[in-house]
Amino acid sequence: MFSRAILRHLSLHGPTGAADLARELGTDSNTARRALRALEEAGLVTADAPAGQRRGRVVTFATQPERLESLLAALKDYLLGH
């Protein structure tokens, strides 16, 4: 559920860092970072810095609109039995 809130926020407001997302969505930074990591692994968001080069940096995350559209289309087809 929190991942959906992150995707919506990033879609509406553009690239955002984990701490800002946490504050704006009313959670802690660790929860936001875990959710962002899962979304990144699923290919739904990208970061402006590679995973191994993030220490000590503010990293911003953005949605991958094409990937989201593709998954939504697949879900629609599935739900409609196509």
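Any value given below was found using the heavy atoms of this structure, including those in side chains, with hydrogens, waters and symmetry copies removed.
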Visitor: Can you tell me how far CG of L36 sits from CZ of F2, rounded to the nearest 0.5 angstrom?
Guide: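 It is 7.5 Å, given to the nearest 0.5 Å.
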Visitor: Apart from Y78 itself, what residues make up its hydrophobic cluster when side-chain heavy atoms of I, L, V, M, F, W and Y under 4.5 Å apart count as a link, directly or indirectly?
Guide: L75, L79
Visitor: Check whether any side-chain heavy atom of L21 lies under 4.5 Å from a side-chain heavy atom of L10, and answer yes or no.
Guide: yes
Visitor: Between side-chain atoms of residues 40-50 and protein atoms elsewhere (two or more places apart, or another chain), which donor-acceptor pairs fall under 3.5 Å?
Guide:
| unit_1 | atom_1 | unit_2 | atom_2 | d |
| --- | --- | --- | --- | --- |
| E40 | OE1 | R54 | NH1 | 3.1 |
| E40 | OE1 | R54 | NH2 | 3.2 |
| E40 | OE2 | R54 | NH2 | 2.6 |
| T46 | OG1 | Q64 | NE2 | 3.0 |
| D48 | OD1 | T60 | N | 3.1 |
| D48 | OD2 | T60 | OG1 | 3.0 |

Visitor: Quick one: CZ on R67 to CG on L39, what's the gap to the nearest 0.5 Å?
Guide: 11.0 Å
Visitor: Can you find a pair of side-chain heavy atoms, one from K76 and one from L80, that are under 4.5 Å apart?
Guide: yes
Visitor: Pairs under 3.5 angstrom only: tabulate donor-acceptor contacts from the side chains of residues 24-33 to other protein residues two or more places apart or in another chain.
Guide:
| unit_1 | atom_1 | unit_2 | atom_2 | d |
| --- | --- | --- | --- | --- |
| E24 | OE1 | H9 | NE2 | 2.3 |
| D28 | OD1 | T31 | OG1 | 2.8 |
| D28 | OD2 | N30 | N | 3.1 |
| D28 | OD2 | T31 | N | 3.0 |
| D28 | OD2 | T31 | OG1 | 3.3 |
| T31 | OG1 | R34 | NH2 | 3.4 |

Visitor: Grouping I, L, V, M, F, W and Y whenever their side-chain heavy atoms are under 4.5 Å apart, do I6 and V58 come out in a common cluster?
Guide: no
